[in-house]
Undergrad: 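A single structure is presented below for examination.
Order of the sequence lines sets the chain letters (A, B, ...), proteins ahead of strands, with each chain counted from 1. Because the structure is predicted, anything quoted here is derived from the model rather than measured.
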Protein chains: 2
Amino acid sequence: MDAMTQAPSVRTKKRPTDQPSVCSCVNLRRASRAITKVYDDALQSAGLKVTQYSVLVNLSRSGSVSVSALARMLRLDRTTLVRNLKSLEQAGLVEGAASSDSRERGVSLSEAGRAAVAQARPRWTEAQRLIEQRLGVDGVRQLGELVVALEGMAGQDAVTADSVESE
Amino acid sequence: MDAMTQAPSVRTKKRPTDQPSVCSCVNLRRASRAITKVYDDALQSAGLKVTQYSVLVNLSRSGSVSVSALARMLRLDRTTLVRNLKSLEQAGLVEGAASSDSRERGVSLSEAGRAAVAQARPRWTEAQRLIEQRLGVDGVRQLGELVVALEGMAGQDAVTADSVESE
DNA sequence: CTCCTATGCGTGCATATACACGCATATAAC
DNA sequence: GTTATATGCGTGTATATGCACGCATAGGAG
């Protein structure tokens with residue numbers, strides 16, 4: 001019986017028990033949801049989600065960039081970024097920018113966008129502090145290594161029906 | 001300059017460079033997206049996403065349960081689970097079940113649901129193997145600790161405007 | 001029985017994520 | 001110059017996520 005959630009022990013009926021899953025993916029997704037809530041709560045008074053803050057900060061450091069370039073920076077699917085940018089543009093935090101290549105659509109921070117980042121930054125810093133306090137410097141470092149290891153798995157997954165059922 | 005993505009070093013222009021972000025939340029979200037792709041790719045031949053497989057496996061272990069109880073098991077927002085269940089029901093993998101409490105809606109695996117789990121399990125196992133190979137047993141264990149630490153942060157966030165701007 | 005409270009459920013709304021497509025343009029090949 | 005290829009973009013479709021609400025019922029207080 002390979003589980004998927006609660007690893008061992010008994011079912012205590014009510015208490016969530018806070019046991020990690022045996023599935024690394026489920027664990028990572030749960031961790032992601034939990035930490036996202038911490039940051040989103042912190043940034044709420046600035047009217048931003050952490051995903052939006054991430055986009056804005058990157059824009060503030062890169063100046064005018066194409067959508068694809070920004071997506072690469074954020075390690076985000078380009079089409080996902082297109083949607084994420086839409087709400088930021090509607091909110092007036094991001095504006096269009098010229099580009100040499102006419103296929104490209106340049107985007108950059110608006111004045112309001114810069115103000116939003118300035119207002120949100122201390123809240124983000126506070127969330128960072130909370131997390132480091134919780135995970136420890138080592139935990140934060142391990143997390144960085146985790147990302148690098150996992151993002152390096154792209155492409156050559158090779159989990160075909162053959163590799164599972166035949167041999 | 002607190003970054004948010006690429007920590008130090010130079011911008012090489014094209015190579016993604018695979019540097020972790022300085023933001024733990026961004027790192028965790030990136031890791032989550034990456035690992036989800038590994039599992040989703042593995043489960044694709046079984047026609048399931050890892051999120052769906054997770055629901056089905058939990059159902060297969062719990063038998064008939066209420067939506068709320070299942071949400072607690074999965075550490076998922078109840079309303080999120082309601083939507084996730086919808087597609088599984090439409091696919092005929094999950095069916096309704098009776099319940100003593102008439103407020104509750106019982107759900108359980110259908111025969112097709114059990115078959116889907118049986119078909120998907122080896123693929124999931126293979127994905128687990130891939131991940132353990134990549135992260136090492138230690139990495140997988142640290143990941144489990146990470147989840148527990150982060151899910152324990154619920155509630156008392158206390159990142160108010162005061163705690164940041166005033167004091 | 002009636003009222004209050006706790007619990008379970010589903011929906012509206014907003015955002016995030018990614019794959020499959022199709023459109024447009026820049027570039028290289030001839 | 002025309003054709004083929006590569007690159008950049010946005011949309012349709014499907015799923016995931018969670019908050020704010022409102023509805024309904026179970027259980028206890030009176």
Undergrad: Under a 3.5 Å distance rule, please check whether A/R134 uses its side chain to pair with a backbone N or O of B/A149 as donor and acceptor.
TA: yes
Undergrad: Go through DNA chain C and write down every stem, that is, every run of at least three consecutive Watson-Crick or G-U wobble pairs with distances under 3.5 Å, as range with range.
TA: C:1-30 with D:1-30
Undergrad: Can you list, pair by pair, the side-chain donor-acceptor contacts under 3.5 Å of residues 22-29 of chain A, counting residues two or more places apart and other chains?
TA:
unit_1, atom_1, unit_2, atom_2, d
A/N27, OD1, A/S21, N, 2.7
A/N27, ND2, A/S21, O, 2.8
A/R29, NH1, B/T36, OG1, 2.9

Undergrad: Specify the residues of residues 76-83 of chain B, ordered by number, for which at least one heavy atom lies under 4.0 angstrom from an atom of DNA chain C.
TA: B/R78, B/T79, B/V82, B/R83
Undergrad: Between the side chains of B/R123 and B/E126, is the shortest nitrogen-to-carboxylate-oxygen separation below 4.0 Å, so that they form an ion pair?
TA: no
Undergrad: Nearest-Å distance, CG (A/L28) to C1' (D/dA16)?
TA: 15 Å
Undergrad: When you match B/A34 and B/R105 each to their closest nucleotide on DNA chain C, which lands nearer the 5' end?
TA: B/R105
Undergrad: What is the distance, to the nearest angstrom, from the CG atom on A/L43 to the P atom on C/dT15?
TA: 15 Å
Undergrad: Output the rounded distance in Å from CG (B/L70) to P (C/dG10).
TA: 12 Å
Undergrad: Name every residue in residues 85-100 of chain A that has at least one heavy atom under 4.0 Å from any atom of DNA chain C, in order of residue number, or write none if there are no such residues.
TA: none
Undergrad: Search all heavy atoms of B/E104 against all heavy atoms of B/S99 and return the closest pair with its distance.
TA: OE1-OG, 2.8 Å
Undergrad: On DNA chain D, check which nucleotide each of A/R33 and A/V67 is closest to and give me the residue with the more 5' one.
TA: A/V67
Undergrad: With a 4.0 Å limit, can you tell me whether B/K37 has a side-chain N or O closer than that to the phosphate oxygens OP1/OP2 of C/dC19?
TA: yes
Undergrad: Looking only at the side chain of B/E104 (C-beta and beyond, no hydrogens), which of the listed nucleotides C/dC9, D/dG8, C/dT17 gets closest?
TA: C/dC9
Undergrad: Distance from A/L85 atom CG to A/L81 atom CG, nearest 0.5 Å?
TA: 4.0 Å
Undergrad: With respect to B/Y39, which candidate in B/K49, B/Q44, B/Q128 satisfies the side chain to side chain donor-acceptor pair (under 3.5 Å) definition?
TA: B/Q128
Undergrad: Are A/Q119 and A/L48 side-chain neighbours, meaning at least one heavy-atom pair lies under 4.5 Å?
TA: no
Undergrad: Send over the distance from B/R75 CZ to D/dG18 P, rounded to a whole Å.
TA: 13 Å
Undergrad: Quick check: does any side chain N or O of B/R105 sit under 3.5 Å from a backbone N or O of B/R103, one acting as donor and the other as acceptor?
TA: no
Undergrad: Just to be sure I understand the rule, does A/T36 reach a base, reach only the sugar-phosphate, or reach nothing, if contact means heavy atoms closer than 4.0 Å?
TA: nothing
Undergrad: Any idea which of D/dT17, C/dT17, D/dT25 is nearest the A/R29 side chain?
TA: D/dT17
Undergrad: Quick check on contacts: within residues 109-118 of chain A, what sits under 4.0 Å from DNA chain D by heavy-atom distance?
TA: none
Undergrad: Under 3.5 Å, is there a donor-acceptor pair between the side chain of B/R75 and the main chain of B/M73?
TA: yes
Undergrad: Could you give the CD1-to-P distance, from B/I35 to C/dA18, as a whole number of Å?
TA: 14 Å
Undergrad: Please figure out whether A/Q44 or A/D101 has its closest DNA chain D nucleotide nearer the 5' end.
TA: A/D101
Undergrad: Check B/S64 against B/G106 and note the closest heavy-atom contact, atom names and distance.
TA: OG-CA, 4.5 Å
Undergrad: Could you give me the CA-CA distance, side-chain angles and deciding distance for B/S62 and B/L59, then say whether side chain to side chain contact (heavy atoms under 4.5 Å, CB included) is met?
TA: CA-CA 5 Å; B/S62 66; B/L59 271 180; 4.2 Å; yes
Undergrad: Do the side chain of B/S110 and the main chain of B/L93 share a donor and acceptor less than 3.5 angstrom apart?
TA: yes
Undergrad: Between the side chains of B/D40 and B/K37, is the shortest nitrogen-to-carboxylate-oxygen separation below 4.0 Å, so that they form an ion pair?
TA: no
Undergrad: Please evaluate residues B/L43 and B/Q52 with respect to the criterion side chain to side chain contact (heavy atoms under 4.5 Å, CB included), reporting the C-alpha separation (whole Å), side-chain torsions for both, the decisive distance (0.1 Å), and the verdict.
TA: CA-CA 10 Å; B/L43 293 173; B/Q52 305 176 318; over 6 Å; no
Undergrad: What's the CG-P distance between B/D40 and C/dA20, to the nearest Å?
TA: 12 Å
Undergrad: Within the sub-3.5 Å range, which N or O atoms of nucleotides 5-7 of chain C have a protein N or O partner, and how far apart are they?
TA:
unit_1, atom_1, unit_2, atom_2, d
C/dT7, O2, B/R103, NH1, 3.1

Undergrad: Can a donor-acceptor pair be found, under 3.5 Å and without considering hydrogens, that links the side chain of A/T125 to the backbone of A/R121?
TA: yes
Undergrad: Where do B/R33 and A/L74 come nearest, in terms of heavy atoms and distance?
TA: NH2-O, 3.7 Å
Undergrad: Could B/E132 and B/R129 be called an ion pair, given the rule that one side-chain N must be under 4.0 Å from one carboxylate O?
TA: no
Undergrad: Out of D/dG8, C/dA16, D/dT17, which nucleotide sits closest to the side chain of B/N84?
TA: D/dT17
